[in-house]
Amino acid sequence: MNAFKNALRQLDGAAIIAATDQSILATLERPERIVEVNVPLTLDSGEKKIYTGYRVQHSNARGPYKGGLRFHQQVDINEVKALALWMTMKCAVVNIPMGGSKGGITVNPKKLSRAELERLTRAFTRAMKDVFGPDRDVPAPDVNTNAEVMSWIMDEYSQLNGKNEPAVVTGKPLALGGSKGRDTATADGGFMVLEEVAKKLKLKPKQTSVVVQGFGNAGYHIAKLAHQAGYRVIGLSDSRGGIVDLRDKGMDPDNVMTRKKEYGMIGDMYCIGSVCDGTNYKAIANEKLLEVKCDILIPAALENQLTEKNAGKVKAKVVLEIANGPTTPEADEKLARKKVLVVPDILANAGGVTVSYFEWVQNRQGLAWSAQKVRRALEPIMKAAFNEVWERRGRYQTTMRKAAFILALERLSEAIRARA
Ligand code: GLU
């Protein structure tokens with residue numbers, strides 16, 4: 001499945017409704033720049049390998065290119081192009097002055113040692129030294145990258161430039177100028193959106209069941225927030241499979257995390273301390289998890305999870321896209337016909353890049369905001385974005401995804417026109 005083709009279908013579909021100027025649409029249909037590098041790495045064993053990495057700069061019409069860096073064996077140019085386009089749209093939806101880009105290395109980082117990963121990251125940064133920059137293009141964490149990877153990039157880039165350059169990446173450790181709240185920002189923003197949805201649909205947490213696919217940073221944290229707020233988290237999974245609560249009572253994601261840490265996988269039992277229940281809680285394959293009867297389904301893993309094949313079997317009322325691109329256009333159509341409310345990635349997961357922007361602002365001002373200040377700044381942005389999307393959904397009688405793209409296209413068109 002070609003993620004970029006899917007992204008273009010989303011863009012073009014919204015552009016028709018928004019009556020976007022043809023020349024502006026043509027600009028947004030192609031990334032401004034594509035950089036591919038082949039980076040040599042000497043493994044700990046002495047063996048030499050070459051890894052291919054990408055940075056796609058989609059648009060800087062509204063500000064410096066901004067977007068994460070992904071380390072995954074599935075990374076290819078079409079995926080990175082799609083992810084870069086979505087970043088442009090996402091930053092416009094939340095109205096932060098940033099453009100869109102994305103990067104990735106085709107590698108399974110779980111097969112590398114920490115030292116190998118560091119050497120690979122530093123070599124990639126050297127190859128990208130004229131591509132990255134605080135005013136040019138600012139990477140951040142994404143799938144399989146974290147604060148530690150960001151600190152290697154920041155350090156390598158600073159050494160190359162002979163000066164401290166904290167604003168070249170976001171999602172750094174606090175000790176190197178990272179922002180409070182950045183680690184949980186994607187989930188925090190997603191949960192703020194979820195609460196707005198709950199208000200509109202009059203969902204009460206206790207009567208609302210939630211299933212989360214993906215137990216990485218964003219998936220784990222949003223499951224935790226939902227559980228803490230009283231939602232019943234009845235299904236969870238990581239890349240190796242998941243667990244489902246047959247009694248619908250709900251699980252504490254921290255208990256599942258404890259077991260995952262112990263066994264390296266979620267497993268087929270739900271344990272509270274040393275007491276495990278393997279009767280009412282069962283292992284479930286990732287594909288089946290998406291079909292579990294629940295109110296809110298949260299894909300928080302990779303692209304193309306909800307497809308033409310399984311969309312008809314989704315039983316949730318709401319799909320909250322914490323992953324980027326989890327729903328294909330064919331699945332989108334099926335879900336819309338079934339009246340499933342799909343809250344799109346470019347709105348639902350935009351909390352991460354919004355706090356990245358706060359981090360960049362703090363770095364440039366030499367300031368460190370309190371956690372409370374970050375939260376107080378994030379909340380009105382997420383709420384405003386949600387309401388602006390919701391309003392367009394009603395005005396154009398369309399899906400939330402199209403409404404979000406329409407909002408982004410309005411803002412991008414204005415910036416592109418103002419530069420012309
Ligand atoms: N990787 C995240 C995303 O897809 C964050 C990007 C950023 O903070 O620049 O939105």
Side-chain angles (χ1 to χ4, degrees), residues 3 7 54-60 62-72 75 79-94 96-105 128 131-147 149-150 153-154 166-173 177-190 193 214 216-219 221-222 299-303 320-326 343-363 374 377-378 381-382 385 404 408:
Y54 307 93
R55 189 73 180 170
V56 173
Q57 297 179 329
H58 176 262
S59 166
N60 65 359
R62 302 183 76 256
Y65 300 107
K66 184 85 194 80
L69 184 61
R70 171 176 296 204
F71 290 173
H72 196 277
V75 164
E79 181 187 53
V80 184
K81 278 165 73 177
L83 291 162
L85 186 150
W86 287 324
M87 284 311 303
T88 302
M89 300 298 144
K90 194 183 298 187
C91 293
V93 166
V94 281
I96 58 173
M98 291 279 173
S101 57
K102 199 81 173 199
I105 302 181
M128 292 288 178
V131 176
F132 296 160
D135 289 304
R136 259 194 308 255
D137 187 351
V138 184
D142 196 75
V143 174
N144 292 337
T145 55
N146 55 20
V149 174
M150 297 307 116
I153 298 176
M154 182 271 196
V168 70
V169 276
T170 58
K172 298 178 293 294
S179 176
K180 292 229 169 79
R182 176 61 187 87
D183 50 348
T184 58
T186 305
D188 288 333
V193 170
N217 180 41
H221 279 114
I222 198 149
L302 295 172
E303 305 88 67
L320 183 79
E321 294 185 338
I322 292 298
N324 286 308
V343 187
D345 44 9
I346 57 172
L347 168 65
N349 73 26
V353 74
T354 303
V355 178
S356 273
Y357 163 60
F358 297 160
E359 181 173 328
W360 181 83
V361 167
Q362 291 169 69
N363 293 157
V374 170
L378 178 62
I381 290 181
M382 296 310 297

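Numbers for residues simply follow the sequence, beginning at 1. This structure is a prediction, so every number in the text was calculated from the model and none was measured. For ligands, and for the atoms within them, numbers begin at 1 and follow the listed sequence.
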Interatomic spacing from CG in Asn324 to CG in Leu302 - rounded to 0.5 Å: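 Those atoms lie 10.0 Å apart.
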Inter-residue atom distance Asp188.CG - Ile222.CD1, 0.5 Å rounding: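 Nearest 0.5 Å value for the CG-CD1 distance: 8.5 Å.
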Candidates His58, Arg55, Arg136 - the one meeting side-chain hydrogen bond (donor to acceptor under 3.5 Å, both in side chains) with Ser101: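 The side-chain hydrogen bond (donor to acceptor under 3.5 Å, both in side chains) with Ser101 is passed solely by Arg55 among His58, Arg55, Arg136.
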For Lys102, all residues meeting salt bridge (Lys or Arg N to Asp or Glu O under 4.0 Å), sequence neighbours excluded: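 Testing Lys102 for salt bridge (Lys or Arg N to Asp or Glu O under 4.0 Å), a comparison that skips the adjacent residues, returns Asp142.
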When the side chains of residues 79-86 are checked against the rest of the protein, which donor-acceptor pairs come out under 3.5 Å, sequence neighbours left out?
from: Glu79; atom 1: OE2; to: Arg70; atom 2: NH1; distance (Å): 3.0
from: Trp86; atom 1: NE1; to: Gln10; atom 2: OE1; distance (Å): 2.8

Close-range residues for ligand 1, whose non-hydrogen atoms fall below the 4.0 Å threshold: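 Its neighbours under 4.0 Å (heavy atoms only) are Lys66, Gly67, Gly68, Met87, Lys90, Lys102, Ala140, Pro141, Asp142, Arg182, Asn324, Gly352, Val353, Ser356, given by chain and number.
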Contacts of type ring-ring contact (aromatic ring centres under 6.0 Å, His included), residue Phe132, not counting sequence neighbours: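 Per chain and number, Phe132 pairs via ring-ring contact (aromatic ring centres under 6.0 Å, His included) with no residue.
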